[in-house]
Colleague: 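Let me begin by handing over the structure; questions about it come next.
These values consider heavy atoms only, across backbone and side chains, with no hydrogens, waters or symmetry-generated copies. Just so we're on the same page: letters track the sequence lines, and every chain starts at 1.
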2 protein chains.
Amino acid sequence: MSTRRPGGRTAIVKAKAFEAARALAVEHGLHNVTMPEIAKLAGIAPTSLYRRWGDVGSLLMEMAVERLNETFPLPDEGGLLADLTQWARRIAAGLNADAEVNFFRVLLATTTMSPETRKLTLAPRLEQLQALLARADTRGEATPEAEDVIDYLLAPLYMRAVLGMPLDEGYADKLVRRLLKTITI
Amino acid sequence: MSTRRPGGRTAIVKAKAFEAARALAVEHGLHNVTMPEIAKLAGIAPTSLYRRWGDVGSLLMEMAVERLNETFPLPDEGGLLADLTQWARRIAAGLNADAEVNFFRVLLATTTMSPETRKLTLAPRLEQLQALLARADTRGEATPEAEDVIDYLLAPLYMRAVLGMPLDEGYADKLVRRLLKTITI
DNA sequence: ACCTTAAAGTGAATATATTTGCTTTAACGC
DNA sequence: GCGTTAAAGCAAATATATTCACTTTAAGGT
């Protein structure tokens, strides 16, 4: 009878490995990230990495997925405008850091995964957003669809980040205004 | 005096190498793409690859940049609505092929280019778009800014592709309608 | 057409990544 | 605590990537 032992040391090794992998990927780009390098930086044995993840790609993907799901709470300020504004500003600020943009790149690159896996990965985030919108709806506010939030808010923010265009609060606010205008018409 | 010789064989080797690199990256993802594999698929000597590009990352990046610069002409149908609709539909259709989406992922992931290089690379495309808009403007049509075309058309299309959401003509058309609505108000 | 030599090819040497078999550590159940 | 054994570590073996010294091919100038 095989009882798993994910606690203690195992958890520490995983945390160290992910942190090292993230640091290397964000700094030197996706190539140049190798198991031995990760192991060295993390201070663990390469063998452990190979046994648990098999190859760099799998390790990076798990890391990226876990990090994406480190679900930092969406705002709940009591009003849709305030919620979306704060959220958009936060994303804009985050994407101004090179490391964040590079992390997004890592995520994309590793996301040559199956549609099912991708859906599962993104599902929690989408649910959060839908909860935010549902709150607004029950308050009786005119509320956009989640799809529209993706089109009007997330897409332009990430697109600009990837193209290397600057992002600021003013731009974030503009996007929110546009989004809300579409539904009040 | 060292005279370059980029013609003939050299050009063929480059084309073969780029094609093989693209195929491998699009199929197995960015990792698992190695110089020996590229060389094998391309039918050329690994040594040649190492000499010219040094490492896989550089080769992939050059490939991606070159492909990005293969600037096919934007539509010129005599009307803004027709031009934008055709363009958006074309992008949507292209991004429905898995290979295309994966190539876009590769492009984003490998493109750790400097802001200057990025600007230079994107400049021709932006000029094309601005020419399209300028034509509409001289015809006296209500014309959006290039930035808005990026936010309302390109960003949602590419974002959805990257998230694995389906793209069709109806959606492309919807985006065009939205974009044009913003300026006629 | 011919010469010069840039750039590709070859095979062997070296370096690095990955696997394997075994030992040690410490997580979990009692 | 204590025993069992999952999971980490270590060292040596193997496989793969990268470099090196050299040869061959053919692009570009005449």
Colleague: To the nearest Å, how far apart are A:Trp53 CH2 and D:dA7 P?
Modeller: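 Going from A:Trp53 (CH2) to D:dA7 (P), I get 12 Å.
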
Colleague: Specify the separation, in whole Å, of atom CG of A:Asn32 and atom P of D:dA17.
Modeller: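 My rounded result for the distance is 15 Å.
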
Colleague: Indicate, with a heavy-atom threshold strictly under 4.0 Å, whether A:Pro6 touches base, sugar-phosphate, or nothing.
Modeller: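 Sugar-phosphate, no base atom in range.
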
Colleague: Which is it for A:Arg160 and A:Leu175 under the side chain to side chain contact (heavy atoms under 4.5 Å, CB included) test, yes or no, and what are the steps along the way?
Modeller: CA-CA 12 Å; A:Arg160 289 207 173 199; A:Leu175 293 178; over 6 Å; no

Colleague: Toward the 5' end of DNA chain D, which comes first, B:Thr47 or A:Gly43, by nearest nucleotide?
Modeller: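 Closer to the 5' end of DNA chain D: A:Gly43.
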
Colleague: Would you say D:dT19 has OP1 or OP2 under 4.0 Å from some side-chain N or O of B:Tyr50?
Modeller: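 For D:dT19, OP1/OP2 do not have a side-chain N/O of B:Tyr50 under 4.0 Å.
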
Colleague: Same cluster for B:Met63 and B:Ile12 if Ile/Leu/Val/Met/Phe/Trp/Tyr side chains link at under 4.5 Å?
Modeller: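 No, because B:Met63 and B:Ile12 fall into different hydrophobic clusters, even though each may have its own neighbours under 4.5 Å.
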
Colleague: What is the distance, to the nearest angstrom, from the CD1 atom on A:Ile38 to the P atom on C:dT16?
Modeller: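 Rounding to the nearest Å, CD1 of A:Ile38 and P of C:dT16 are 17 Å apart.
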
Colleague: Using the rule given for side chain to side chain contact (heavy atoms under 4.5 Å, CB included), can you reason through A:Trp87 versus A:Leu154, listing the C-alpha separation, both sets of side-chain angles and the distance that settles it, and then say yes or no?
Modeller: CA-CA 10 Å; A:Trp87 191 40; A:Leu154 296 184; 4.0 Å; yes

Colleague: Rounding to a whole Å, what distance do you find between B:His31:NE2 and C:dT18:C1'?
Modeller: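 Those two atoms, NE2 and C1', are 17 Å apart.
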
Colleague: Answer yes or no: does atom CG of B:Asp98 have more than 12 heavy-atom neighbours from other residues, nucleotides or ligands under 6.0 Å?
Modeller: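 It does not: B:Asp98 CG has 12 such atoms or fewer within range.
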
Colleague: Should B:Ser48 be listed as having a side-chain N or O under 4.0 Å from OP1 or OP2 of C:dG9?
Modeller: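 Looking at the OP1 and OP2 atoms of C:dG9, one of them is under 4.0 Å from a side-chain N or O of B:Ser48.
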
Colleague: Rounded to the Å, how far apart are A:Leu59 CG and C:dT18 P?
Modeller: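 Distance check: A:Leu59 CG to C:dT18 P gives 12 Å.
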
Colleague: For a quick check of understanding: with a heavy-atom distance under 4.0 Å over all strands, which category does A:Arg4 fall into, base, sugar-phosphate or nothing?
Modeller: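 It contacts sugar-phosphate atoms only.
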
Colleague: Without decimals, in angstroms, what is the distance between A:Ile44 CD1 and D:dC10 P?
Modeller: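 One finds 11 Å between P of D:dC10 and CD1 of A:Ile44, rounded.
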
Colleague: Does D:dA17 have OP1 or OP2 under 4.0 Å away from a side-chain N or O of B:Thr34?
Modeller: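 The answer is yes; a side-chain N or O of B:Thr34 sits under 4.0 Å from OP1 or OP2.
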
Colleague: If only side-chain N and O atoms of B:Arg52 are considered, is one of them under 4.0 Å from the OP1 or OP2 phosphate oxygen of C:dA8?
Modeller: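 Looking at the OP1 and OP2 atoms of C:dA8, one of them is under 4.0 Å from a side-chain N or O of B:Arg52.
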
Colleague: Roughly how bent is the helix from C:dA1-D:dT30 to C:dC30-D:dG1 end to end, in steps of 10 degrees, with each end axis from five pairs?
Modeller: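 For the helix from C:dA1-D:dT30 to C:dC30-D:dG1, the axes at either end differ by 70°.
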
Colleague: Quickly work out the B:Leu49 CG to D:dT19 C1' distance and round it to whole Å.
Modeller: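 Distance, rounded to whole Å: 14 Å.
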
Colleague: Is there a donor on the side chain of B:Arg9 or the base of C:dG9 sitting less than 3.5 Å from an acceptor on the other?
Modeller: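 There is none.
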
Colleague: Could I get the full list of side chain to side chain contact (heavy atoms under 4.5 Å, CB included) partners for A:Ala97, not counting sequence neighbours?
Modeller: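 Partners of A:Ala97 by the side chain to side chain contact (heavy atoms under 4.5 Å, CB included) criterion, ordered by chain and then number, come out as A:Glu100.
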
Colleague: Determine yes or no for a side-chain-to-main-chain donor-acceptor pair under 3.5 angstrom, with B:Glu141 supplying the side chain and B:Leu80 the backbone.
Modeller: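 Here the side-chain-to-backbone pair exists.
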
Colleague: Among C:dT10, C:dA8, D:dA8, which nucleotide has an atom closest to any side-chain atom of B:Arg51?
Modeller: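 Among C:dT10, C:dA8, D:dA8, the one nearest the side chain of B:Arg51 is C:dA8.
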
Colleague: Sequence neighbours left out, what pairs pass ring pair (Phe, Tyr, Trp, His ring centres under 6.0 Å) with at least one residue falling in residues 13-53 of chain A?
Modeller: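 Pairs touching residues 13-53 of chain A that pass the test: A:Phe18-A:Trp53.
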
Colleague: Return the value, rounded to whole Å, for the distance between atom NZ of A:Lys40 and atom P of C:dT16.
Modeller: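 Atom-to-atom, A:Lys40 to C:dT16, this comes out as 10 Å.
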
